[in-house]
Amino acid sequence: MPELPEVQTVVNDLIASGLIGCKMTRVEVRYPRIIAEPAPAQFRRRVTGKTITAIDRRGKYIIIDLSGPIHLLVHLRMTGHLYLAETTSQRTAHDHVILHLDDGRKLRYHDPRKFGRFFLVDRSETILAKLGPEPLSKHFTAKALTLMLSKRKRMLKPLLLDQTFIAGLGNIYTDEALWKANLHPCRNSATLNGPEIKQLHRAIRYVLRWGIKNNGTSLGGGETGFNSITGRRGRNRDNLKVFRQVDLPCPRCQTPIHRLAVGQRSTFVCEKCQPLP
DNA sequence: TTTGGTGTTTCGAG
DNA sequence: CCTCGAAACACCAA
C-alpha cells in the first residue's frame with residue numbers, strides 16, 4: 001500500500017500529533033511475527049520507558065528515534081497502518097502492536113495481512129544501508145540517475161521498483177512517473193538517451209512531490225485504502241493519470257489506457273504516449 | 001461460493 | 001547479474 005508519499009504523510013502526521021517527547025509506558029505485542037528483531041520479549045523490555053526523540057523517513061521505512069539512543073524502524077508493507085488512539089478507545093481486530101504513551105494515548109499498529117515489520121536496532125544503517133538514493137534528495141540529480149542507469153540493463157519498471165536501485169517508488173508512482181516521462185515500462189534501461197533520462201528524473205520527483213502535497217493516494221473503500229494516523233484519506237487519487245484508469249482516455253492524447261503485466265505486477269500505460277521501440 | 005487480484009519484500013531456482 | 005515464481009496473509013470484488 002504505502003509508497004514514499006504515503007509514508008511521508010504518516011511521518012508528518014505523527015510529528016504534528018505531538019508524538020516527539022512522548023514516553024512509552026507499556027508495549028503490547030499481540031502478533032509476535034511483526035517484530036522482526038529482536039525477540040519480542042526483548043523488544044518490549046528495550047522500548048518500555050524510552051522517549052521518542054525524532055521521527056523521520058528513509059525509503060518506505062518510518063524511523064522513530066528513541067532515547068538510548070536506539071531506533072525503531074517500521075515498514076508498513078502492503079496493508080500496515082499506524083493509528084493514534086485516545087485513552088478510552090478499544091483495540092480492534094488486526095491491531096498487532098500497541099505502544100502506550102505517557103499522555104494516555106496509544107500508538108497502534110494495524111495490519112490485516114500481517115506483512116509489515118518492526119525493527120529495533122542500535123544503528124539504523126544496519127537496515128537502511130541497502131537502499132538506493134532518496135529520489136527527493138538534492139543528491140538525486142539527472143546526472144546521478146544517468147550514472148545509476150549506466151550500470152544496469154533491465155526493464156525500466158522492475159528496476160524502478162527495486163528499492164536497492166532507488167528508494168520509495170511502488171506500483172502507483174512508478175506507472176505515473178513512466179507515463180509522465182513518455183516511457184514504456186518495458187523499455188530497457190540501458191537504451192535511454194540523455195533527454196529521456198532527464199524526463200524520467202523530472203517525472204519521478206514531480207509525481208512524488210504531488211503525492212506528498214495531497215497527503216498520499218487512497219484507493220478502495222475506507223478500511224482498505226490508505227489512511228494516515230488520524231484516519232484522514234489522501235487526495236492524490238484525483239491526480240492519477242494511468243494507474244487503474246483502464247479504458248479511460250489518456251489525459252494527453254485520449255487513447256484508452258491499457259493494463260498489462262510487467263514482472264508479475266499490474267501496469268498501466270498509454271500505448272501511444274509510451275511507445276515501445 | 002469460489003477464484004483471482006491486491007499498493008511489498010525476500011528468497012531460491014534456473 | 002537477471003528473471004521468475006512462490007511465500008508471508010486477509011480481504012474484496014466479480
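Every chain is numbered from 1, with letters handed out A, B, ... down the list of sequences.
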**OP:** From the options C/dT3, C/dA8, C/dC11, select the nucleotide whose nearest atom is closest to the side chain of A/Arg33.
**Re:** C/dA8
**OP:** Starting from the 5' end of DNA chain B, give me the residue, A/Arg259 or A/Gln163, whose nearest nucleotide shows up first.
**Re:** A/Arg259
**OP:** Report which part of the nucleic acid A/Arg117 touches: base, sugar-phosphate, or nothing (heavy-atom distance under 4.0 Å, all strands).
**Re:** nothing
Original post:
Atom CD1 of A/Ile34 and atom P of C/dC9: how far apart are they, to the nearest Å?
Top reply: 10 Å
Original post:
Should the pair A/Arg58-A/Glu134 be classified as a salt bridge under the 4.0 Å nitrogen-to-oxygen rule?
Top reply: yes
Original post:
Tell me: CG of A/Asp162 to P of B/dT10, nearest whole Å?
Top reply: 10 Å
Original post:
Between A/Arg265 and B/dG7, is there a side-chain N or O to OP1/OP2 distance below 4.0 Å?
Top reply: yes
Original post:
Are side-chain heavy atoms of A/Asn193 and A/Glu196 found at a separation under 4.5 Å?
Top reply: yes
**OP:** Ignoring backbone atoms, test whether A/His94 places a side-chain nitrogen or oxygen under 4.0 Å from the OP1 or OP2 oxygen of C/dC9.
**Re:** no
Subject >> Heavy atoms from other residues, nucleotides or ligands near NZ of A/Lys272 exceed 12 (cutoff 6.0 Å) >> reply: no
Subject >> d(CZ, A/Phe268; C1', B/dT6) in whole Å >> reply: 10 Å
Original post:
Taking atom P of C/dT3 as reference, at what distance in whole Å does atom CG of A/Asn188 sit?
Top reply: 9 Å
Original post:
Side-chain donor or acceptor of A/Arg113 under 3.5 Å from a matching atom on the base of B/dT8?
Top reply: no
**OP:** Round to a whole Å and report the spacing from NE2 of A/His110 to P of C/dC9.
**Re:** 17 Å
Original post:
Taking A/Gln8 as the fixed residue, which of A/Asp13, A/Ile212, A/Leu208, A/Asp56 is the one that meets the side-chain contact (heavy atoms from CB on, under 4.5 Å) rule?
Top reply: A/Ile212
**OP:** With heavy atoms under 4.0 Å as the rule, sort A/Lys151 into base, sugar-phosphate or nothing.
**Re:** nothing
**OP:** Let me know the distance between CG of A/Asn171 and P of B/dG5, rounded to the nearest Å.
**Re:** 14 Å
Original post:
Which whole number of Å gives the distance between the P atom of B/dG7 and that of C/dA14?
Top reply: 16 Å
Subject >> Between C/dA8 (P) and A/Arg77 (CZ): distance, integer Å >> reply: 13 Å
Subject >> Selection from C/dC9, B/dG7, B/dT9 that lies nearest to any side-chain heavy atom of A/Arg244 >> reply: B/dG7
Original post:
Rounded to the Å, how far apart are A/His81 NE2 and C/dC9 C1'?
Top reply: 15 Å
**OP:** Going by the side chain to side chain donor-acceptor pair (under 3.5 Å) test, name the single residue among A/Thr174, A/Asn171, A/Asp162 that passes it with A/Lys157.
**Re:** A/Asn171
**OP:** Quick one: label A/Tyr31 by what it contacts on the DNA or RNA (base, sugar-phosphate, nothing), any heavy atom closer than 4.0 Å.
**Re:** sugar-phosphate
Original post:
To the nearest 0.5 Å, what is the distance between CZ (A/Arg235) and OG1 (A/Thr217)?
Top reply: 11.0 Å
Original post:
Counting only heavy atoms not in A/Arg209, do more than 12 sit closer than 6.0 Å to its CZ atom?
Top reply: yes
Original post:
Of all the choices, B/dT9, B/dT10, C/dT3, which nucleotide is nearest to the side chain of A/Lys130 once you look at every atom?
Top reply: B/dT10
Subject >> A/Arg154 side-chain N/O to C/dT3 phosphate OP1/OP2 under 4.0 Å >> reply: yes
**OP:** Ignoring backbone atoms, test whether A/His75 places a side-chain nitrogen or oxygen under 4.0 Å from the OP1 or OP2 oxygen of B/dT9.
**Re:** yes
Original post:
List DNA chain B stems (3 or more consecutive Watson-Crick/G-U pairs, under 3.5 Å)?
Top reply: B:2-6 with C:10-14, B:8-14 with C:2-8
Subject >> Lys NZ or Arg CZ of A/Arg205 over A/Trp210 ring: under 6.0 Å, within 45° >> reply: no
Tabulated below should be each protein N or O lying under 3.5 Å from an N or O of nucleotides 4-6 of chain C; please produce it.
from: C/dG5; atom 1: OP2; to: A/Gln264; atom 2: OE1; distance (Å): 2.6
from: C/dG5; atom 1: OP2; to: A/Gln264; atom 2: NE2; distance (Å): 3.0

Subject >> Same-atom distance (P) from B/dG4 to C/dG5, integer angstrom >> reply: 15 Å
Subject >> Nearest to side-chain heavy atoms of A/Tyr61, which nucleotide of B/dT10, B/dT8, C/dC9 >> reply: B/dT10
**OP:** Could you list the residues that satisfy salt bridge (Lys or Arg N to Asp or Glu O under 4.0 Å) with A/Glu125, not counting sequence neighbours?
**Re:** none
**OP:** For residues A/Leu4 and A/Leu169, determine if any side-chain heavy atom of one lies less than 4.5 Å from a side-chain heavy atom of the other.
**Re:** no
**OP:** Using the P atom on both, measure C/dC11 against B/dT9 and round to a whole Å.
**Re:** 22 Å
Original post:
Is the shortest side-chain N/O distance from A/Lys60 to OP1 or OP2 of B/dT9 below 4.0 Å?
Top reply: yes
Original post:
Among the nucleotides B/dG7, C/dC9, C/dA10, which one has an atom lying closest to any side-chain atom of A/Phe115?
Top reply: C/dC9
Original post:
Would A/Arg33 and A/Asp111 pass as an ion pair if we require N to O under 4.0 Å?
Top reply: no
